[in-house]
Every structure is written in structure tokens, then in C-alpha cells.
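These notes concern the structure reproduced below.
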Amino acid sequence: MTDQALVDLAFSMLERSYVPYSHFPVGAALLCADGSVFTGCNIENAAYGPTLCAERAAVAKAVSEGRREFAAIAIAGKGADYCWPCGVCRQVLYEFAPELTVLVARGDGAFVKFPLKELLPHGFGPSSLN
Ligand code: THU
């Protein structure tokens, strides 16, 4: 799976986003260590707080299907800026994959690539409880 193919999958999820409040669709595609991919979209809620980000939707699908080892995630939005993962999503990704590669795309299709450890330095993870 190329970086571009993973980003394309994230973009393909924008049409599934449920965003009646923000009107800001986000798509995600999570590449697992075994080569499988789980996609996600943001799912908003009238009470606002229960809104689920696209990245966490993808993680929930992967983990509930038995995958816990992740290699990369692509995140796509339609904005002028790259669609950076929120802090909560950075933390959720860190739980399973501190070595994850994060591909972040913007509306014109351009994307940049960062290690999760750069987006969440000194993260709190499972080993922090030792
Ligand atoms: N959103 C995501 O799906 N992922 C992020 O990491 C940032 C924010 C969504 C949540 C909400 O539906 C919309 O973008 C605006 O915040």
C-alpha cells in the first residue's frame, strides 16, 4: 500500500461523514501491520460532546475486528490547512502504535508525513503505568 493509496482511501471516506453541525468532513484510513486497512469518518451528534473523530472510528473498527498493530494512518479533510489529528486522537493512536506514521492531507490533495511521536512527544502510554 503506497502513501498515496492510503491518502486516497481517506479522501474516499469524506462522503460518509455525518457532519450536520460543523460541515467539516474528515476521512481516515488506518493501515494495519498485516496489510489490512480500516477506514473511518467523523460522526457528529446533536449533543456535540459525543462526536466521534474519523481516526477513532477507524481504530474502533480495526480493534473490534482483532487488529491492534498499526503501521500508518492517513487523515484527510477539505480545508486549506492539513487535517491535523486532534489531541484525543493522537492519544488513542499512541495507545496501540507509538511508532505509527501519520499522513495528513488537505483539500487540494497535498499531504505531509510525520511520526506520531513528533505529534505527541513524551506520550503517556501503556508502559507509563509500569
Ligand atoms: N475531527 C476529526 O474527525 N478528526 C480530528 O482529528 C479533528 C476533528 C472532526 C470532529 C468534528 O466532526 C469536525 O472534525 C470539526 O471539529
Side-chain angles (χ1 to χ4, degrees):
M1 168 81 46
T2 63
D3 289 354
Q4 184 67 61
L6 199 64
V7 169
D8 289 348
L9 274 174
F11 272 112
S12 77
M13 291 303 290
L14 295 179
E15 67 185 49
R16 300 260 173 96
S17 290
Y18 175 72
V19 288
Y21 309 107
S22 75
H23 305 289
F24 188 82
V26 179
L30 181 63
L31 175 64
C32 303
D34 67 359
S36 58
V37 178
F38 291 85
T39 53
C41 62
N42 49 340
I43 305 168
E44 298 186 342
N45 188 277
Y48 291 15
T51 289
L52 182 64
C53 288
E55 301 93 310
R56 281 179 289 131
V59 168
K61 285 166 71 176
V63 173
S64 60
E65 292 297 327
R67 282 21 167 244
R68 291 182 184 173
E69 289 178 30
F70 308 136
I73 189 168
I75 308 157
K78 292 181 178 173
D81 189 12
Y82 297 105
C83 193
W84 300 105
C86 78
V88 170
C89 287
R90 294 177 198 208
Q91 178 67 31
V92 168
L93 292 166
Y94 193 88
E95 175 75 17
F96 295 101
E99 305 303 326
L100 192 72
T101 295
V102 183
L103 306 167
V104 191
R106 64 186 187 194
D108 67 359
F111 66 89
V112 288
K113 187 171 173 172
F114 286 88
L116 178 60
K117 276 190 170 161
E118 243 178 72
L119 300 178
L120 186 66
H122 308 290
F124 189 91
S127 63
S128 305
L129 293 171
N130 293 340

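Note that ligands are numbered from 1 as they come in the structure, with each ligand's atoms numbered from 1 the same way.
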Check your understanding: Crowded around R16 CZ? As in, over 12 foreign heavy atoms under 6.0 Å?
Key ->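 No, the 6.0 Å shell around CZ holds no more than 12 heavy atoms from other groups.
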Review point. More than 12 heavy atoms of other residues, nucleotides or ligands under 6.0 Å from CD of E69: is that the case?
Key: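 Open.
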Can you list, pair by pair, the side-chain donor-acceptor contacts under 3.5 Å of residues 84-91, counting residues two or more places apart and other chains?
| unit_1 | atom_1 | unit_2 | atom_2 | d |
| --- | --- | --- | --- | --- |
| R90 | NE | P85 | O | 2.7 |
| R90 | NH1 | L119 | O | 3.0 |
| R90 | NH2 | P85 | O | 3.0 |
| Q91 | NE2 | F124 | O | 2.8 |

Check your understanding: CG/L103 to SG/C83 distance, rounded to the nearest 0.5 angstrom?
Key ->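 Rounded to the nearest 0.5 Å, the CG-SG separation comes out at 12.5 Å.
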Point to revise | Protein residues that have a heavy atom under 4.0 Å from any atom of ligand 1, sorted by chain and number | key: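 Contacts of ligand 1 under 4.0 Å: S22, F24, V26, N42, E44, T51, C53, A54, E55, W84, P85, C86.
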Review point. Same cluster or not: are L100 and L31 linked, directly or through other Ile, Leu, Val, Met, Phe, Trp or Tyr residues, by side-chain heavy atoms under 4.5 angstrom apart?
Key: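 Hydrophobic grouping puts L100 apart from L31.
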Review point. What heavy-atom pair brings N42 and V19 nearest, and what distance separates the two atoms?
Key: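 It is ND2-CG1, 3.2 Å.
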